[in-house]
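Below is one structure, written out as structure tokens; comments come after it.
Each residue takes its place number in the sequence, starting with 1. In this text the structure is predicted, and so the values were computed from the model without any measurement.
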Amino acid sequence: MEYQIVKVETNGQPLVGWLAVDADGNTIGHVFLSIQNDKKIKLLDAWVDEQYRRQGIYRELWETRWEYVEKNYKGYKAYAWCLPKSLPLLIEKEFTPGDTCVYVEKEIL
């Protein structure tokens, strides 16, 4: 399956995102982050079209976003709300689970 990851920035909002785009220009997945005033980075929704799941697209999007965060936001704290099926990746990245709603965070060094 041929696709590319494209970075997108929004105007007027502190959002940065990455799209997985197939050879025909269709968006088949995305991840976003929000830059917050209190030196926090909120990792926002991740999505991959159902017919393209289980092919590594989610992980590639996640890794691309994470490399950007580590490079550009040293000293910030990253956090996310995630579904149970996403928790293993966040734990792999050394996020610490919170209570009840599975809140995870990691300081970017």
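With hydrophobic clusters built from ILVMFWY side chains whose heavy atoms lie under 4.5 angstrom apart, L15 does not share a cluster with I108. In the hydrophobic cluster analysis, where Ile, Leu, Val, Met, Phe, Trp and Tyr join through side-chain heavy atoms closer than 4.5 angstrom, W62 is grouped together with L33. By the rule that hydrophobic residues join a cluster once side-chain heavy atoms approach within less than 4.5 Å of another member, Y76 and F32 end up as members of separate clusters. Clustering ILVMFWY residues whenever any of their side-chain heavy atoms sit less than 4.5 angstrom apart, transitively, puts Y58 in a cluster other than the one holding V8. Criterion: ILVMFWY side-chain heavy atoms under 4.5 Å apart, direct or through other members. Under it, L44 and Y73 are not part of a common hydrophobic cluster.
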If you apply the rule side chain to side chain contact (heavy atoms under 4.5 Å, CB included), what do you find for W18 with Y68, and how did you get there? CA-CA 10 Å; W18 291 264; Y68 175 83; 3.5 Å; yes

Could you walk me through whether V16 and R65 satisfy the side chain to side chain contact (heavy atoms under 4.5 Å, CB included) test, starting with their C-alpha distance in whole Å, then the side-chain angles of each, then the deciding distance to 0.1 Å, before giving a yes or no? CA-CA 9 Å; V16 181; R65 175 179 62 185; over 6 Å; no

Test side chain to side chain contact (heavy atoms under 4.5 Å, CB included) on V31 and W66; report intermediate values, then the result. CA-CA 10 Å; V31 293; W66 189 243; over 6 Å; no

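Of the inter-residue distances, the one linking T96 atom OG1 with K106 atom NZ reads 9.5 Å to the nearest 0.5 angstrom. Summarising the geometry, atom CD1 belonging to I28 is positioned 10.0 Å from atom CD belonging to Q4; distances are rounded to the nearest 0.5 Å.
With sequence neighbours left out, E67 forms a salt bridge (Lys or Arg N to Asp or Glu O under 4.0 Å) with no residue at all. K40 pairs by the side-chain hydrogen bond (donor to acceptor under 3.5 Å, both in side chains) definition with nothing, not counting sequence neighbours.
When all heavy atoms are compared, the tightest approach of G56 to Y3 is O-OH, 4.2 Å. The minimum heavy-atom distance between K74 and L109, with the atom names listed, is NZ-O, 3.4 Å. Nearest heavy-atom pair across L61 and G29 is CD1-C, 3.8 Å.
Using modelled atom types, one side-chain atom of D49 and one backbone atom of Q51 make a donor-acceptor pair closer than 3.5 Å.
Within 6.0 Å of the CD atom in E92, the count of heavy atoms belonging to other residues, nucleotides or ligands exceeds 12. Atom CG of N37 has 12 or fewer neighbouring heavy atoms from other residues, nucleotides or ligands inside a 6.0 Å radius.
Put simply, the side chain of L19 does not reach to within 4.5 Å of the side chain of I5, judged on heavy atoms. At least one side-chain heavy atom of Y79 sits under 4.5 Å from a side-chain heavy atom of Q36. Within the 4.5 Å cutoff, no side-chain heavy atoms of Q55 are placed close to those of E60.
The pair E107-K39 fails the salt-bridge criterion, with no side-chain N (NZ, NE, NH1 or NH2) lying under 4.0 Å from an Asp/Glu carboxylate O.
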